[in-house]
Amino acid sequence: MTLPLLGAAIRRRDLDTLRDWIFEPARAIEIQDFVMPEIFAGDPSELIASYKRALDGHRGLRGIHGPFFGLDLSNPDREIRAVIQRRLLKGLEIAEALGGSHMVVHSPFTYWHVLNRDNYPAVADQMLNTMADCLAPVLVRAGEFGCTVMLENIDDTDPSARVRVVQAIDHPQLRVSLDTGHAELAHGRYGAPPVVDYVAQAGAWLGHVHLQDADGYADRHWHPGEGTIPWPAVFAALERSEASPRLILEVRDRLERLPATVKALEAQGLAR
């Protein structure tokens, strides 16, 4: 069995620190500098140019984390959805400039939606319709340069909710993203299924995974092995999956330790 080659979520300063570790085996990267509203309100051309220079010679896959602050894909107000669409389209413009082939966006589902399925039965269809409307021009634009939009779990406690949306929209540029730490938080705090069940529910629709550890209490973004996630079981679930998702380590601090973290996973026969 060939162990999966893990990529990393980075900001510009991290690329300099991890350059050799990323470039030599052609690891995938996910650029995360462009999530902030002030970046989108301003001119990101200088940062894009800096990345282009720094990425010269990089042979791995690339993507970006798209904007998400205040951007509810299921917002019922058409005028507000138009603003969200503009933000996402600008994200795709940045992704294209950087040679990106994926962009992560956030799911709007919460525990409230699970608890109130029967109380407000129309909400599920309303959310599906508004998400489909919001993403329609975004997916068309993504298809123009072969970029896949990855729908990430945030407050999701039902691991199948995003899958149903992706299946219903049925667009080749839309896939499910799994954040392991968010799933562990939902499992610990709200009694949601464990991380391995999020993998299983996504099935062939799983296109992307944020690998981060947590303690079932908060969104820690710890290095794998520092929290409570059972990593052998998670990697076994990924191996059983029908999909071949892009695997991205998304840790908050001490990114210079990523090579050591991966070595520890490799020693367990999990990844490289």
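- Residue Asn119 qualifies as enclosed at atom CG: its count of foreign heavy atoms under 6.0 Å is above 12.
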Yes or no on side chain to side chain contact (heavy atoms under 4.5 Å, CB included) for Val138 and Leu88, after CA distance, side-chain angles and deciding distance? CA-CA 7 Å; Val138 177; Leu88 296 179; 3.8 Å; yes
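- Looking at Arg62 and His58, their side chains do bring a donor and an acceptor atom within 3.5 Å of each other.
- Paired with His65 under the rule side chain to side chain donor-acceptor pair (under 3.5 Å), one option of His210, Gln32, His106 passes, and it is His106.
- In this structure, His182 contributes its side chain and Asp179 its backbone to no donor-acceptor pair below 3.5 Å.
- Within the model, atoms OG of Ser107 and CZ of Phe68 stand 13.5 Å from one another, a figure rounded to the nearest 0.5 Å.
- Side-chain atoms of His113 and Val123, non-hydrogen and from C-beta on, do get closer than 4.5 Å to each other.
- Here the side chains of Val262 and Leu249 are in contact, with some heavy-atom distance below 4.5 Å.
- The two residues Tyr217 and Leu185 have their closest heavy-atom pair at O-CG, 4.0 Å.
- Cluster annotation: Val35 is connected to Leu255 through the hydrophobic network of ILVMFWY side chains, with a link wherever side-chain heavy atoms come within less than 4.5 Å.
- One N or O on the side chain of Arg27 and one on the backbone of Leu6 form a donor-acceptor pair closer than 3.5 Å.
- Counting only distance, with no hydrogens or angles, the side chain of Gln212 and the backbone of His221 share a donor-acceptor pair below 3.5 Å.
- Considering every non-hydrogen atom in both Thr228 and Gly216, the closest pair reads OG1-N, 4.0 Å.
- For the residue pair Asp213/Trp231, the side-chain donor-acceptor check at 3.5 Å is satisfied.
- Between Phe34 and Pro67, the closest side-chain pair of non-hydrogen atoms is not below 4.5 Å.
- If you run side-chain contact (heavy atoms from CB on, under 4.5 Å) between Phe23 and each of Leu18, Leu15, Ile29, only Leu15 comes through.
- Between the side chain of Gln173 and the backbone N or O of Cys147, at least one donor-acceptor pair lies under 3.5 Å.
- Although no hydrogens or angles enter the test, the distance criterion places a donor-acceptor pair under 3.5 Å between the side chain of His223 and the main chain of Asp253.
- Between Tyr190 and Tyr111, the angle of the ring planes lies from 30° to 60°, which puts this pair in the tilted group.
- Each of Ile22 and Leu5 belongs to its own hydrophobic cluster when Ile, Leu, Val, Met, Phe, Trp and Tyr are linked at side-chain heavy-atom distances under 4.5 angstrom.
- Put simply, the side chain of Asp133 never gets that close to the backbone of Asn129: no donor and acceptor are under 3.5 Å apart.
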Before you tell me yes or no, could you show the steps for Thr180 and Val209 under side chain to side chain contact (heavy atoms under 4.5 Å, CB included), namely the whole-Å CA-CA distance, both residues' side-chain angles and the distance that decides it to 0.1 Å? CA-CA 7 Å; Thr180 58; Val209 180; 4.0 Å; yes
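- Distance alone, capped at 3.5 Å, is enough to place a donor-acceptor pair between the Asn116 side chain and the Trp112 backbone.
- Between the CG atom in Leu73 and the OG1 atom in Thr130 there is a gap of 8.5 Å [rounded to 0.5 Å].
- Between the CG atom of Leu265 and the CZ atom of Phe235 there is a distance of 5.5 Å, given to the nearest 0.5 Å.
- The line from CG of Asp170 to CG of Leu139 is 11.0 Å long, rounded to the nearest 0.5 Å.
- Taken together through direct or relayed side-chain contacts under 4.5 Å among Ile, Leu, Val, Met, Phe, Trp and Tyr, Tyr198 and Met150 form parts of separate hydrophobic clusters.
- If you chain together hydrophobic residues whose side chains sit under 4.5 Å apart, Val104 and Leu135 never meet in one group.
- Nearest heavy atom pair, residue Leu238 against residue Leu206, reads CD2-CD2, 4.0 Å.
- Separation of atoms CZ (Arg81) and CD (Glu79) is listed at 10.5 Å; rounding is to 0.5 Å.
- Every side chain to side chain donor-acceptor pair (under 3.5 Å) that Ser50 has, sequence neighbours left out, goes to Arg12.
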Step by step, work out the side chain to side chain donor-acceptor pair (under 3.5 Å) result for Asp156 and Asn153. CA-CA 5 Å; Asp156 304 60; Asn153 58 305; 5.6 Å; no
Under the criterion salt bridge (charged side-chain N to carboxylate O under 4.0 Å, His left out), I'd like the reasoning laid out for Glu226 against Arg257: C-alpha separation, chi angles, the key distance, then a yes or no. CA-CA 12 Å; Glu226 296 179 338; Arg257 289 187 52 200; 3.4 Å; yes
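- Between Pro108 and Met127, the shortest heavy-atom distance links the atoms CG-CE, 3.8 Å.
- Taking the ring centre of Trp222 as origin, the terminal cationic atom of Arg252 falls outside the region bounded by 6.0 Å and 45° from the ring axis.
- Within the 4.5 Å cutoff, no side-chain heavy atoms of His208 are placed close to those of Pro245.
- Using a cutoff of 4.0 Å between basic side-chain nitrogens and carboxylate oxygens, Glu144 and Arg141 are scored as salt-bridged.
- A pairwise comparison of heavy atoms in Thr148 and Leu174 identifies CG2-N, 4.3 Å as the closest pair.
- Rounding to the nearest 0.5 Å gives a distance of 9.5 Å between CZ of Arg189 and CG of Asp215.
- Using a 4.5 Å cut-off on side-chain heavy atoms (C-beta onward), Ile64 and Ile31 make contact.
- Every residue meeting the side chain to side chain donor-acceptor pair (under 3.5 Å) condition with Arg246, not counting sequence neighbours, appears here in chain and number order: Ser101, His102.
- The two residues Glu152 and Glu250 come nearest to each other via the heavy atoms OE2-OE1, 4.5 Å.
- For Arg220 and Glu184, the salt-bridge test fails: no basic side-chain N is under 4.0 Å from an acidic carboxylate O.
- The shortest side-chain heavy-atom distance between Ile48 and Lys52 falls under the 4.5 Å cut-off.
- Checked by atom type and distance alone, the side chain of Gln85 pairs as donor or acceptor with a backbone atom of Cys134 at under 3.5 Å.
- Side chains of Ile229 and Pro224 form no contact here, defined as non-hydrogen atoms less than 4.5 Å apart.
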What's the verdict on side chain to side chain contact (heavy atoms under 4.5 Å, CB included) for Asp33 and Ile39, showing C-alpha distance, side-chain angles and the deciding distance? CA-CA 8 Å; Asp33 306 69; Ile39 298 290; 5.9 Å; no
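- Heavy atoms of other residues, nucleotides or ligands lying less than 6.0 angstrom from CD of Glu38 number more than 12.
- No donor-acceptor pair under 3.5 Å is formed between the side chain of Asn75 and the backbone N or O of Asp72.
- Val114 and Phe109 fall into different hydrophobic clusters, where Ile, Leu, Val, Met, Phe, Trp and Tyr side chains are chained together by heavy-atom contacts under 4.5 Å.
- Arg162 places a side-chain N or O within donor-acceptor distance of the main-chain N or O of Ser177, the cut-off being under 3.5 Å.
- Side-chain N/O atoms of Gln201 and Asp158 include no donor and acceptor closer than 3.5 Å.
- Considering only heavy atoms from C-beta on, Glu96 stays 4.5 Å or farther from Leu98 through its side chain.
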Take Thr2 and Arg272, measure what side chain to side chain contact (heavy atoms under 4.5 Å, CB included) needs, and give me the verdict at the end. CA-CA 9 Å; Thr2 301; Arg272 60 190 172 100; 3.8 Å; yes
